[in-house]
**Q** 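Below: one structure in structure tokens.
Residue numbers start at 1 and run along the sequence shown.
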Amino acid sequence: MSTIALTDSHHASAVEREWSGPASKRIVTGYGFWIFILSDMVMFSALFATYAVLLGQTAGGPGGRELFDLRNVAIETGFLLASSFTCGLASIAADTRRTTWFQLAMAVTCAFGLGFLFLEVQEFTGLVARGAGPTRSAFLSAFFTLVGCHGLHVSAGILWLLTMMAQVFAKGFRADIQRRILCFALFWHALDIIWIAVFTVVYLIGSAR
């Protein structure tokens with residue numbers, strides 16, 4: 001019995017030594033970046049709340065029913081959701097250190113993101129040309145601020161994506177670059193989640209009023 005007890009005690013101490021000490025840099029980096037993403041979510045929550053309050057404040061001008069083209073927005077949504085899938089493929093390729101597949105998946109992700117931005121800019125310029133710019137009403141001010149802020153995040157994400165492609169091409173899958181790819185993937189998927197909320201709250205509900 002004493003031998004069994006000593007063996008169990010030795011095993012427990014070995015497990016404690018195995019799990020003791022600080023977490024890896026990858027875990028710490030991912031945790032810290034999640035805090036950044038949550039702070040970004042707080043900002044978008046404030047923008048959503050502002051939009052909800054100002055939804056009916058059209059100052060006698062057009063509302064969402066007259067302005068929004070759901071077909072165009074559906075294509076935008078398809079582009080962004082597809083880019084999330086290819087971004088996931090790029091993350092898998094990075095984990096398995098397959099450079100060609102990583103670069104290909106990131107290039108397709110970039111193409112989808114640029115397609116999304118093209119349609120969004122086209123929508124904004126069309127609204128301004130029709131006299132429905134951000135200064136037309138409180139509703140349109142809230143709309144342009146919320147949707148435009150998301151678009152700026154997508155633009156920053158594309159620049160980040162291109163930087164990751166260049167770094168992998170020049171330096172390979174070093175540990176620090178792997179951590180940056182992880183953070184980029186978290187950021188890009190978070191943008192997709194926010195866009196689903198934009199699509200639902202801004203366009204579907206807004207066009208029904």
**Q** Who pairs with Trp160 by ring pair (Phe, Tyr, Trp, His ring centres under 6.0 Å), at least two apart in sequence or on another chain?
**A** Phe33, Phe184, Phe187
**Q** Quick one: list whatever passes side chain to side chain contact (heavy atoms under 4.5 Å, CB included) with Leu47, sequence neighbours left out.
**A**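 Once residues adjacent in sequence are excluded, the partners of Leu47 under the side chain to side chain contact (heavy atoms under 4.5 Å, CB included) criterion are Phe44, Thr145, Leu146, Cys149.
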**Q** Quick one: list whatever passes side-chain hydrogen bond (donor to acceptor under 3.5 Å, both in side chains) with Glu123, sequence neighbours left out.
**A**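 Partners of Glu123 by the side-chain hydrogen bond (donor to acceptor under 3.5 Å, both in side chains) criterion, ordered by chain and then number, come out as Tyr203.
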**Q** Mind checking side-chain hydrogen bond (donor to acceptor under 3.5 Å, both in side chains) for Asp176 and listing every partner two or more places apart, or none if nothing turns up?
**A** Arg174, Arg180
**Q** Which Ile, Leu, Val, Met, Phe, Trp or Tyr residues join Ile196 in one cluster when any pair of side-chain heavy atoms under 4.5 Å counts as a link?
**A**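 Noted: Ile196 shares its cluster with Leu81.
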**Q** Once side-chain hydrogen bond (donor to acceptor under 3.5 Å, both in side chains) is applied, do any residues pair with Thr86, and if so which ones, sequence neighbours excluded?
**A**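 For Thr86 the side-chain hydrogen bond (donor to acceptor under 3.5 Å, both in side chains) partners, ignoring immediate neighbours, are Thr109.
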**Q** Can you name the residues that form a side-chain hydrogen bond (donor to acceptor under 3.5 Å, both in side chains) with His153, not counting sequence neighbours?
**A** Asp40
**Q** For Phe102, what residues pass the ring pair (Phe, Tyr, Trp, His ring centres under 6.0 Å) criterion, not counting sequence neighbours?
**A** Phe173
**Q** Please check this pair: side chain of Ser91 against backbone of Cys87, looking for a donor-acceptor N/O pair closer than 3.5 Å.
**A**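 It does hold such a pair.
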**Q** Going by the rule side chain to side chain contact (heavy atoms under 4.5 Å, CB included), which residues pair with Phe85 if we only count those two or more places apart in sequence or in a different chain?
**A**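 Only Leu89 meet the side chain to side chain contact (heavy atoms under 4.5 Å, CB included) criterion with Phe85.
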**Q** How would you list, by chain and number, every residue that makes a side chain to side chain contact (heavy atoms under 4.5 Å, CB included) with Gln122, sequence neighbours excluded?
**A**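 If we apply the side chain to side chain contact (heavy atoms under 4.5 Å, CB included) test to Gln122, skipping adjacent residues, the hits are Asn72, Phe118, Leu119.
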**Q** Hey, can you pull the donor-acceptor pairs under 3.5 Å for the side chains in residues 129-140, sequence neighbours left out?
**A**
residue: Arg130; atom: NH2; partner: Glu66; partner atom: O; Å: 3.1
residue: Ser137; atom: OG; partner: Leu140; partner atom: N; Å: 3.2

**Q** Going by the rule side chain to side chain contact (heavy atoms under 4.5 Å, CB included), which residues pair with Ala82 if we only count those two or more places apart in sequence or in a different chain?
**A**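 Checked Ala82 against side chain to side chain contact (heavy atoms under 4.5 Å, CB included); matches are Phe112.
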